[in-house]
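The figures here come from the full heavy-atom set of this structure, side chains too, leaving out hydrogens, waters and symmetry mates. Residue numbering restarts at 1 for every chain, and letters A, B, ... go by the order of the sequence lines.
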Amino acid sequence: MLPLVIGDAHAVIGAGADAVMVARGRLVEAVRRLEQRDHPRWLVTSAGAVLRTVAGAGVTVARCWDVAEAHRILHGGWAADPPRVWASLNALDPSSLPTRPGGDLFDFFDDGSSVPDDPASPLRADGHLRVDAFEPSWALGEARLRGLADLLLEVGRRQEAALAHVGPRAVRTAHSESAAALLCVELERDGLPVDRAVAEELIAGSAGRRPGSDAEAAAIRAERDRAVLVHAPGRESTDLRNPLQVRELLAAVGVRVPNTRAWVLEPFRGTHPLVEALLQWRKDERIATTYGYRWLDEHVGPDDRLRGGWTACDGAAGRMTAQNGLHNLPAPLRPAIAARPGHVFVRADLGQIEPRVLAVVSGDRAFAEATRADDLYAPVAAKLSIDRPVAKIAVLAAMYGQRSGSAGEALKDLERAYPVAMRLLDDAYAAGVGRGALRTFGGRRIALGATLAAGEPSGPPVDGAEAQAVDSARGRFARNAVIQGSAAELFKAWAATVRHAVAPSGAEIVLCLHDELLVHAPESSAAEVRRLVVSSLTASARRWTGSDRVRFVVDTSVIHRWSEAKG
DNA sequence: GATTTCACGTA
DNA sequence: CGTACGTGAAATCC
């Protein structure tokens with residue numbers, strides 16, 4: 001691990017007697033040279049904070065140790081600022097963590113600064129790390145920078161030791177999660193290629209022409225509303241954007257519903273033309289508001305690339321997240337995602353990743369046997385002597401926990417046929433209910449309680465039924481997090497492998513979507529990139545699982561637009 | 001002005 | 001067939 005700390009005028013590379021000071025203006029060149037010569041694993045507080053400028057200058061860093069990502073694996077959750085990492089490594093009370101001075105005058109008395117600190121040390125008198133220790137405002141001068149580099153190296157080494165203690169794969173998980181963090185920096189830098197003309201056309205189809213003024217915008221909106229309100233004579237003043245008013249409107253035409261969500265209204269499509277018009281209006285309104293002209297203008301750059309922020313892991317199970325619609329672009333807009341002239345997309349998505357991951361995590365030999373098939377539900381159905389659709393629903397119900405519908409008999413058969421896999425799911429559920437310790441296959445801690453606050457009733461006392469609902473929600477969350485989080489680890493290991501493998505072909509990953517990769521490649525190297533994407537899966541799955549017992553499958557296609565069919 | 005609720009897009 | 005995430009508009013809280 002080679003520490004890299006960037007200060008205000010200088011950066012320091014290395015630690016102890018080997019530390020080298022580099023002027024900020026020469027940093028990029030220094031990193032480029034070391035990368036070529038030594039291929040180091042750069043040790044950074046976070047890839048996003050430290051390596052963005054380097055990546056921005058076009059220097060590709062192959063490997064790093066991202067202290068924040070390592071912390072998230074060790075402890076779960078999302079908060080991973082340097083003082084928190086330091087506190088957890090040194091068993092300091094997290095409730096006494098230093099806070100960033102805000103507008104509050106009392107912060108002045110409350111951030112530990114009332115105790116005189118050693119001006120050369122980033123540590124406060126109470127042992128906590130300063131909030132701003134690694135920021136240019138404090139990281140100035142050679143002595144401080146050298147001190148930070150030494151401290152960073154200690155942090156990295158102790159994290160590595162702690163992860164080695166967690167399990168056999170956790171250190172490697174830190175490596176691939178760090179690589180994912182590097183990939184996130186590059187995804188933000190490079191963006192997703194957009195065919196602007198097509199995007200404008202598709203938006204116009206839903207949102208109408210581009211308005212030239214606020215008044216025109218209001219007129220176009222009213223026009224859109226009229227297609228619905230024409231079905232409700234006498235109630236033309238209804239605000240379609242107000243769910244309560246919409247509910248009253250529906251009641252007036254005889255449709256009584258508890259709420260106006262699309263799946264609630266779906267069965268009433270045929271009962272009154274208003275319903276059909278409203279559902280179509282909702283789709284158009286979604287594009288007009290969220291993916292309309294403003295979205296295009298704000299997030300698609302002059303180079304016709306759609307950009308948003310990326311994070312390597314969310315706070316719950318560890319999936320990647322993306323902003324500005326990169327992860328939830330409506331299917332009708334996908335024709336606008338198009339490869340540049342002379343380029344293609346190599347699109348690759350993992351097939352049935354979650355049940356296959358269940359086979360890995362649980363170590364169920366019989367279930368692993370089913371993953372030999374391209375379609376794993378086929379052998380499961382054969383073993384249980386049931387139809388494939390029933391087998392599929394049973395497996396999904398077992399993994400995610402059903403509350404409605406019934407997989408009934410098939411679920412019991414599943415228990416008998418694959419007891420090891422089913423046991424793992426039950427254990428995860430129980431750990432969730434009992435707030436027990438839980439980790440993904442790669443060793444990421446699943447934080448129970450911290451992230452689950454949203455869906456839970458916030459009122460103080462809960463009755464028995466409510467308490468039980470909270471428990472079962474926690475159980476389902478835990479069961480899902482083990483599978484989803486482990487799948488996310490395999491996905492990121494694969495993505496990191498692909499990132500390296502396709503780079504010599506002049507190709508780059510431009511989108512990661514949980515089980516799907518979009519690689520932008522020169523047309524001439526399409527076949528090679530496609531081959532590499534597949535071989536990267538074989539290699540990373542073998543590394544991740546430690547064997548070839550469970551098979552993973554990937555569907556690839558070479559396309560010009562994201563919307564084009566698979567195959 | 002900040003937070004919550006509703007709704008809905010993706011996997 | 002459940003979980004997760006990000007986004008916008010309106011309502012609600014402070």
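- Side chain of A:Gln245 to backbone of A:Asn242: no donor-acceptor contact under 3.5 angstrom is found.
- Side chains of A:Asp225 and A:Trp281: a donor on one and an acceptor on the other come within 3.5 Å.
- Contacts of A:Ala262 with the nucleic acid, taken as non-hydrogen atoms under 4.0 Å apart, involve only primed sugar atoms and P, OP1 or OP2.
- One interatomic measurement links the two molecules: CH2 of A:Trp78 to P of C:dC5, which rounds to 12 Å at whole-angstrom precision.
- Contact of A:Arg282 with B:dA7 (side chain to base): no donor-acceptor pair of N or O atoms is detected under 3.5 Å.
- Sequence order on DNA chain C of the closest nucleotides to A:His514 and A:Lys392 puts A:Lys392 first from the 5' end.
- For A:Thr290, the side-chain atoms get nearest to C:dG8 when compared with the rest of C:dG8, C:dC1, C:dT3.
- Computed from coordinates, the A:Leu396 CG to C:dG2 P distance equals 11 Å when rounded to whole Å.
- Remark: aromatic rings of A:Phe552 and A:Trp494 are distant, center separation not under 6.0 Å.
- Using a 4.0 Å heavy-atom distance criterion, A:Ala481 is classed as making no nucleic acid contact.
- None of A:Arg221, A:Arg210, A:Arg209 except one satisfies the side-chain hydrogen bond (donor to acceptor under 3.5 Å, both in side chains) rule with A:Glu216; the exception is A:Arg209.
- Note on A:Arg476: a side-chain N or O is less than 4.0 Å away from OP1 or OP2 of C:dT3.
- Contact between the side-chain N/O atoms of A:Lys283 and the OP1/OP2 oxygens of B:dG9 is found at a separation under 4.0 Å.
- For A:His327 and A:Trp310, the ring centers sit closer than 6.0 Å to each other.
- Counting non-hydrogen atoms under 4.0 angstrom, A:Gln484 reaches a base of the nucleic acid.
- Note on A:Thr260: every side-chain N or O is 4.0 Å or more away from OP1 and OP2 of B:dC6.
- As a whole-Å value, the separation of A:Glu489 CD from B:dA11 C1' is 17 Å.
- Near DNA chain C, defined here as any heavy-atom distance below 4.0 Å, there are no residues from residues 211-227 of chain A.
- Using a 4.0 Å heavy-atom distance criterion, A:Arg334 is classed as a sugar-phosphate-only contact.
- At whole-Å resolution of the value, CG in A:Leu513 and P in B:dA11 are 6 Å apart.
- Summarising the geometry, the separation between NZ on A:Lys492 and P on B:dA11 is reported as 18 Å, rounded to the nearest angstrom.
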Side chain to side chain contact (heavy atoms under 4.5 Å, CB included), that's the test. Do A:Glu186 and A:Arg189 meet it? Break it down for me. CA-CA 5 Å; A:Glu186 294 173 358; A:Arg189 178 193 65 188; 3.9 Å; yes
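- Per the geometry, OH belonging to A:Tyr291 stands 6 Å off C1' belonging to C:dT7, to the nearest Å.
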Can you give me the N/O atom pairs linking the protein to nucleotides 9-13 of chain C at distances under 3.5 Å, or say none if there are none?
{"from": "C:dA11", "atom 1": "OP1", "to": "A:Asn242", "atom 2": "ND2", "distance (Å)": "2.6"}

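- For an aromatic pair to be called close, the ring centres must be under 6.0 Å apart, and A:Phe345 with A:His520 satisfies this.
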Let's go through A:Ile73 and A:Glu177 carefully: what are the C-alpha distance in whole Å and the side-chain angles of both, what is the deciding distance for side chain to side chain contact (heavy atoms under 4.5 Å, CB included) to 0.1 Å, and is it a yes or a no? CA-CA 9 Å; A:Ile73 297 165; A:Glu177 294 294 308; 3.7 Å; yes
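- Both A:Gln323 and A:Arg319 lie near DNA chain C, and the one whose nearest nucleotide falls closer to the 5' end is A:Arg319.
- Rounded to whole angstrom, the span from the CG atom of A:Leu278 across to the C1' atom of B:dA7 amounts to 11 Å.
- Going from atom CG of A:Leu438 over to atom C1' of C:dT3 covers 14 Å, rounded to whole Å.
- Relative to the six-membered ring of A:Trp78, A:Arg72 meets both conditions, a distance below 6.0 Å and an angle of at most 45° to the axis.
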Apply side chain to side chain contact (heavy atoms under 4.5 Å, CB included) to the pair A:Arg319 and A:Gln484, showing each step before the final yes or no. CA-CA 8 Å; A:Arg319 275 186 168 187; A:Gln484 191 185 92; 3.3 Å; yes
